[in-house]
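Worksheet: one structure, shown below.
In this text the structure is predicted, and so the values were computed from the model without any measurement.
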Amino acid sequence: MGAFGKFERGIENAVNSVFSRAFKSEVKPVEIASALNRAMDEGAAVYSRSRTISPNEFGVLLSVDDFAKIDQWGKEAIEEELIDHAVTYATSQGYTFLGPLRISFESDEEAGTGTVRVTSQTVRGAVAPVTNSVPSPANPIIDVQGQRYLLTGPVTIIGRGSDADVVVDDTGVSRHHLELRVTPRGVIATDLGSTNGSFVEGHRISAATLVDGNTVTIGRTRIMFWTSPENYA
């Protein structure tokens with residue numbers, strides 16, 4: 001099943017009753033997904049044979065009535081479903097993101113009921129969802145409890161705080177717990193004065209240069225680290 005089919009199965013199964021009541025003859029979830037696909041395709045920029053950059057921030061503009069229905073039936077949950085779809089579609093098309101994926105609904109007073117328009121832009125951030133990416137010394141990949149991120153910025157902050165680049169739901173993790181800094185000499189992991197400490201391969205560290213395949217532990221959270229495609233699992 002392709003990316004679009006997976007989206008239909010995912011979001012429509014999850015919120016089908018919501019949309020059937022909310023929209024009736026108005027805008028449909030697959031129409032929003034199709035508009036996101038087009039925005040990624042139209043905004044994609046080819047940098048090399050193996051690197052095509054897609055926009056990563058999207059605004060979904062709906063009529064006032066459709067926006068009210070989205071808000072009533074759980075805007076945040078629907079945005080999360082659309083983000084999952086966008087990552088799947090980007091993977092199928094070989095697109096790479098340069099920052100975190102964000103999708104937000106907006107009300108457009110000039111839009112007619114049942115219409116959808118998507119704005120897009122590319123905004124660099126510290127991390128991005130892994131699509132077709134492979135790790136490299138300049139852009140390592142980390143796995144945080146099964147969620148994989150491409151390091152796209154020079155500094156990544158991991159912690160429990162909502163303003164961290166990678167937010168960890170772990171009471172044993174401090175709000176700003178660990179810093180990963182990409183340097184010409186390697187990636188340096190630095191504990192940010194956390195309460196429970198940071199550990200590389202079981203050894204408590206204040207700062208350490210990571211090597212390919214290392215495991216970093218903060219609280220109850222394990223972070224896998226890769227810099228080479230050969231060892232990337």
Side-chain angles (χ1 to χ4, degrees), residues 1-12 28-61 78-106 116-144 146-158 165-167 180-184 186-187 212-213 223-233:
M1 182 178 291
F4 195 75
K6 289 180 181 178
F7 171 77
E8 288 180 296
R9 183 179 64 185
I11 187 172
E12 291 212 302
K28 302 297 191 297
V30 292
E31 294 169 353
I32 298 174
S34 294
L36 284 171
N37 293 354
R38 289 194 298 273
M40 282 191 278
D41 292 339
E42 292 170 0
V46 178
Y47 280 75
S48 67
R49 292 179 58 185
S50 60
R51 188 172 172 84
T52 300
I53 305 301
S54 167
N56 59 298
E57 293 195 0
F58 302 91
V60 180
L61 279 64
I78 297 168
E79 288 169 354
E80 290 178 4
E81 292 285 352
L82 289 170
I83 286 174
D84 289 342
H85 162 72
V87 171
T88 300
Y89 183 74
T91 301
S92 72
Q93 300 301 305
Y95 296 155
T96 298
F97 298 119
L98 292 182
L101 193 57
R102 296 189 176 96
I103 297 174
S104 60
F105 287 103
E106 302 173 20
V116 55
R117 185 167 65 89
V118 176
T119 62
S120 65
Q121 60 180 335
T122 299
V123 180
R124 181 178 287 277
V127 296
V130 171
T131 51
N132 68 323
S133 312
V134 294
S136 68
N139 297 113
I141 287 176
I142 59 174
D143 182 306
V144 184
Q147 185 69 48
R148 295 192 173 187
Y149 302 89
L150 179 72
L151 303 191
T152 50
V155 177
T156 300
I157 303 298
I158 303 175
D165 299 311
V166 177
V167 178
L180 300 179
R181 182 177 295 270
V182 180
T183 77
V187 176
D212 196 47
I223 303 168
M224 300 294 294
F225 174 84
W226 295 280
T227 57
S228 69
E230 292 77 14
N231 297 323
Y232 182 53

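Rounded to the nearest 0.5 angstrom, Thr227 OG1 and Asn139 CG are separated by 11.5 Å. Note that CG of Leu36 and CZ of Phe58 are 6.5 Å apart. Values are rounded to the nearest 0.5 Å. A distance of 9.5 Å separates CG of Asp165 from CG of Leu151, quoted to the nearest 0.5 Å. The CZ atom of Arg117 lies 14.0 Å from the CD1 atom of Ile32; values are rounded to the nearest 0.5 Å.
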For residues 93-105, dump all side-chain donor-acceptor pairs below 3.5 Å to protein atoms at least two apart in sequence or in another chain.
{"unit_1": "Tyr95", "atom_1": "OH", "unit_2": "Asp41", "atom_2": "OD1", "d": "2.7"}
{"unit_1": "Thr96", "atom_1": "OG1", "unit_2": "Asn132", "atom_2": "OD1", "d": "3.1"}
{"unit_1": "Arg102", "atom_1": "NH1", "unit_2": "Glu57", "atom_2": "OE2", "d": "2.9"}

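Contacts classified as salt bridge (Lys or Arg N to Asp or Glu O under 4.0 Å) and involving residues 118-129 (residues at least two apart or in different chains) are not found. Within the structure, no pair that satisfies the salt bridge (Lys or Arg N to Asp or Glu O under 4.0 Å) test touches residues 82-92, not counting sequence neighbours.
Qualifying side chain to side chain donor-acceptor pair (under 3.5 Å) partners for Asp143, counting only residues two or more places apart in sequence or in other chains: Arg148. With sequence neighbours excluded, no residue forms a side chain to side chain donor-acceptor pair (under 3.5 Å) with Thr119. The side chain to side chain donor-acceptor pair (under 3.5 Å) search around Arg181 returns Glu179, not counting sequence neighbours. With sequence neighbours left out, the ring pair (Phe, Tyr, Trp, His ring centres under 6.0 Å) criterion links Phe225 to no other residue. Residues passing the side-chain contact (heavy atoms from CB on, under 4.5 Å) test with Val134, sequence neighbours excluded: Pro229. Residues satisfying the salt bridge (charged side-chain N to carboxylate O under 4.0 Å, His left out) test with Arg51, not counting sequence neighbours, are none. Under the rule for a side chain to side chain donor-acceptor pair (under 3.5 Å), Ser133 has no partner lying at least two apart in sequence or in another chain.
Shown here for Val127 and Thr152, the closest heavy-atom pair between the two residues is N-OG1, 3.4 Å. Taking all atoms of both residues into account, the shortest heavy-atom contact from Ser228 to Asp212 is OG-OD2, 2.7 Å. Nearest heavy atom pair, residue Thr122 against residue Pro55, reads OG1-CA, 3.3 Å. In plain terms, the two heavy atoms of Ser120 and Ala39 that are nearest each other are OG-O, 4.1 Å. When all heavy atoms are compared, the tightest approach of Gly153 to Val182 is O-CG2, 4.1 Å. Taking both residues in full, the closest heavy atoms of Met40 and Ser54 are given as CG-OG, 3.4 Å, listed atom of the first, atom of the second, then distance.
Counting heavy atoms from C-beta on, the side chains of Leu180 and Tyr149 never come closer than 4.5 Å.
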Worked check of side chain to side chain contact (heavy atoms under 4.5 Å, CB included) between Val116 and Leu61: CA-CA 6 Å; Val116 55; Leu61 279 64; over 6 Å; no
